[in-house]
Amino acid sequence: MCLTTSWPFCRVAMEKISWKIESSVIVAAVGGASNLWLKWLNTVRVHNQITLDQCTADRPDGVPLVTVSNHYSCLDDPLMWGILKLKVLFSREKQRWTLGAKELLFSKPLHAFLFSRGKVIPVVRGEGVYQKGVDFALEQLNQGQWVHVFPEGKVIEDGSLVRLKWGVGRLIAESKVTPIVLPLWHVGMDDILPNQKPYIPQIMKKVTVLVGEPIKFEDILKDYQKRKKSATEARKHITDVIQCRFKELKEEAEFIHSKWS
């Protein structure tokens, strides 16, 4: 029996056909709307799309994927996934899991219903890397799933680089199979949904998405295990590597976007 709690991912409930149907409908509806809004009502240019497609649609079975990106707008997820292949965009099984602020997205029963079926995992800011939402995300990686993380931990309204949170380091370090880690950087999403009042979504804007190359962590993790380094050291090092890659992608993406006439 599954008791009603504030946690939306009751295993018994998720195994029911009704949950799967609800989730499939919501994932497909949101995916379709994202594709329409991003690619038809606005203009998007994706650089290195083939790598994104290989990782999301064609990676080997059982190999988990962690994508990481900057967070400039409240619509970054799900809107930026409008660039995915349709077989991923409309698939409950292939679509990403992502982490979302519990106090914002799960404050009401209807919100909890919609976001949980849309594969959003609630996390509590300030509770650290060892909390239920991160544990659940790690479970999904151990099943070969895709988890997207905004490692900045919040919307960065001024577009600056900030210190990344270590939760992403834990997900990568503790996954049973070292995941593919794919960084992305986007520019222009905050033009579609400005961060200033009255928060009216826009059309006919330009968005650039730069997909980086996968970051390989297998050798780093093996070395840390061999030298018996602590889990904290591993998480920090992984996060530092992503931070450095973010800096490079940010500069390149902003340059590409600035040249878009």
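Computation of the quantities below employed the complete heavy-atom set of this structure, encompassing side-chain atoms and omitting hydrogens, waters and symmetry-equivalent molecules.
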Exercise for the section: Taking the six-membered ring for Trp and the single ring otherwise, decide whether the centroids of Trp260 and Phe255 are under 6.0 Å apart. Expected result: no
Exercise for the section: Determine whether more than 12 heavy atoms belonging to other residues, nucleotides or ligands lie under 6.0 Å from atom CD1 of Ile50. Expected result: no
Problem - Euclidean distance, Ser160 OG relative to Glu152 CD, rounded to 0.5 Å - result: 8.0 Å
Practice task
Over 60° means perpendicular and under 30° means parallel, so classify the ring planes of His71 and Phe150, tilted if in between.
Solution key: parallel
Exercise for the section: Please answer whether the main-chain N or O of Phe90 pairs with a side-chain N or O of Gln95 as donor and acceptor at a distance below 3.5 Å. Expected result: no
Practice task
Consider only side-chain N and O atoms of Trp146 and Thr67, and report whether a donor and an acceptor are under 3.5 Å apart.
Solution key: yes
Exercise for the section: Decide yes or no for Val63 and Pro60: does some side-chain heavy atom of the first lie under 4.5 Å from some side-chain heavy atom of the second? Expected result: yes
Problem - ILVMFWY network linking Ile220 to Leu164, side-chain heavy atoms under 4.5 angstrom - result: yes
Handout entry: Sidechain-backbone polar pair: Ser230 side chain, Glu233 backbone, donor-acceptor under 3.5 Å
Key = yes
Practice task
Indicate yes or no for a side-chain donor-acceptor contact from His186 to the backbone of Val207 under 3.5 Å, with no hydrogens or angles considered.
Solution key: no
Problem - Test: Glu248 and Arg245 ion pair at under 4.0 Å - result: yes
Practice task
Say whether Gln202 and Asn42, considering side chains only, have a donor N or O and an acceptor N or O under 3.5 Å apart.
Solution key: no
Completion exercise
Of all heavy-atom pairs linking Trp19 and Ser116, the shortest is CH2-OG, 3.9 Å
Handout entry: Non-hydrogen atoms of Lys85 and Ala57 that approach each other most closely
Key = CD-CB, 4.1 Å
Handout entry: Test item: Ile192 and Ser73 side chains (from C-beta on) under 4.5 Å apart, heavy atoms
Key = no
Problem - Stepwise side chain to side chain contact (heavy atoms under 4.5 Å, CB included) check, Lys250 with Glu254 - result: CA-CA 6 Å; Lys250 180 180 189 294; Glu254 289 178 348; 2.8 Å; yes
Practice task
Determine, using the 4.5 Å side-chain heavy-atom cutoff (strictly less than), whether Val30 and Phe115 are members of one ILVMFWY cluster.
Solution key: no
Handout entry: Heavy-atom check, side chain of Ser69 versus side chain of Asp76, under 4.5 Å
Key = no
Problem - Heavy-atom side-chain contact between Phe106 and Phe113 under 4.5 Å - result: no
Practice task
Determine whether Phe9 and Pro122 make a side-chain contact, defined as any pair of heavy atoms from C-beta on separated by less than 4.5 Å.
Solution key: yes
Practice task
State whether Glu15 and Lys20 are salt-bridged, where the test is any N-O pair (Lys NZ or Arg NE/NH1/NH2 against Asp/Glu carboxylate O) under 4.0 Å.
Solution key: no
Practice task
Check whether Leu182 and Val68 end up in the same hydrophobic cluster, where Ile, Leu, Val, Met, Phe, Trp and Tyr are linked by side-chain heavy atoms less than 4.5 Å apart.
Solution key: no
Practice task
Flag the pair Glu218 and Lys222 as a salt bridge only when some basic side-chain nitrogen lies within less than 4.0 angstrom of an acidic carboxylate oxygen.
Solution key: no
Handout entry: Short side-chain to backbone donor-acceptor contact, Ser175 and Leu171, under 3.5 Å
Key = no
Problem - Residues Lys119 and Asp77 bridged, charged N to O under 4.0 Å - result: no
Practice task
Measure the CG-CE distance between Leu184 and Met80 for me, rounded to the nearest 0.5 Å.
Solution key: 6.5 Å
Practice task
Walk me through it: do Glu213 and Asn48 pass the test side-chain hydrogen bond (donor to acceptor under 3.5 Å, both in side chains)?
Solution key: CA-CA 8 Å; Glu213 292 300 321; Asn48 199 19; 2.9 Å; yes
Practice task
First locate atom CD of Gln54, then atom CD of Gln49, and finally report the distance between them rounded to the nearest 0.5 Å.
Solution key: 11.0 Å
Practice task
Could you state whether Leu86 and Ile83 fall into the same hydrophobic cluster, counting links through intermediate Ile, Leu, Val, Met, Phe, Trp or Tyr residues with side-chain heavy atoms under 4.5 angstrom apart?
Solution key: yes
Problem - From CG (Leu210) to CZ (Arg45), nearest 0.5 Å - result: 13.5 Å
Problem - Cluster check Val134, Leu138: I/L/V/M/F/W/Y, side chain < 4.5 angstrom - result: yes
Exercise for the section: Using a 4.5 Å cut-off on heavy atoms from C-beta on, say whether the side chain of Ser107 contacts that of His111. Expected result: yes
Problem - Ile203 side chain reached by Trp37 side chain, heavy atoms, under 4.5 Å - result: yes
Problem - Closest contact, heavy atoms only, Leu249 versus Gly212 - result: CD2-CA, 4.0 Å
Problem - Test item: Ile238 and Ile215 side chains (from C-beta on) under 4.5 Å apart, heavy atoms - result: no
Handout entry: Heavy-atom pair of closest approach, residues Pro214 and Cys55
Key = CG-SG, 4.3 Å
Problem - Rounded distance (nearest 0.5 Å) linking atom NZ of Lys132 with atom OG of Ser6 - result: 7.0 Å
Handout entry: Gly153 versus Arg125, closest heavy-atom pair with distance
Key = O-NE, 3.6 Å
Handout entry: Over 12 foreign heavy atoms within 6.0 Å of CG, Asp219
Key = no
Problem - Side chain Tyr199, main chain Leu193, donor-acceptor under 3.5 Å - result: no
Exercise for the section: Taking all non-hydrogen atoms of both residues into account, name the closest pair between Leu99 and Ala137 and its distance. Expected result: CD2-CB, 3.9 Å
Exercise for the section: Using atom types as modelled and distance alone, determine if a side-chain donor or acceptor of Arg59 lies under 3.5 Å from a backbone N or O of Gly144. Expected result: yes
Practice task
For the residue pair Thr98 and His148, confirm or rule out a side-chain donor-acceptor distance under 3.5 Å.
Solution key: no
Exercise for the section: Just say parallel, tilted or perpendicular for the rings of Trp7 and Phe136, cut-offs at 30° and 60°. Expected result: perpendicular
Handout entry: Lys/Arg N to Asp/Glu carboxylate O, Lys205 vs Asp190, below 4.0 Å
Key = no
Exercise for the section: Would you give the length of the straight line joining atom NZ of Lys87 to atom CG of Asp58, rounded to the nearest 0.5 angstrom? Expected result: 4.5 Å
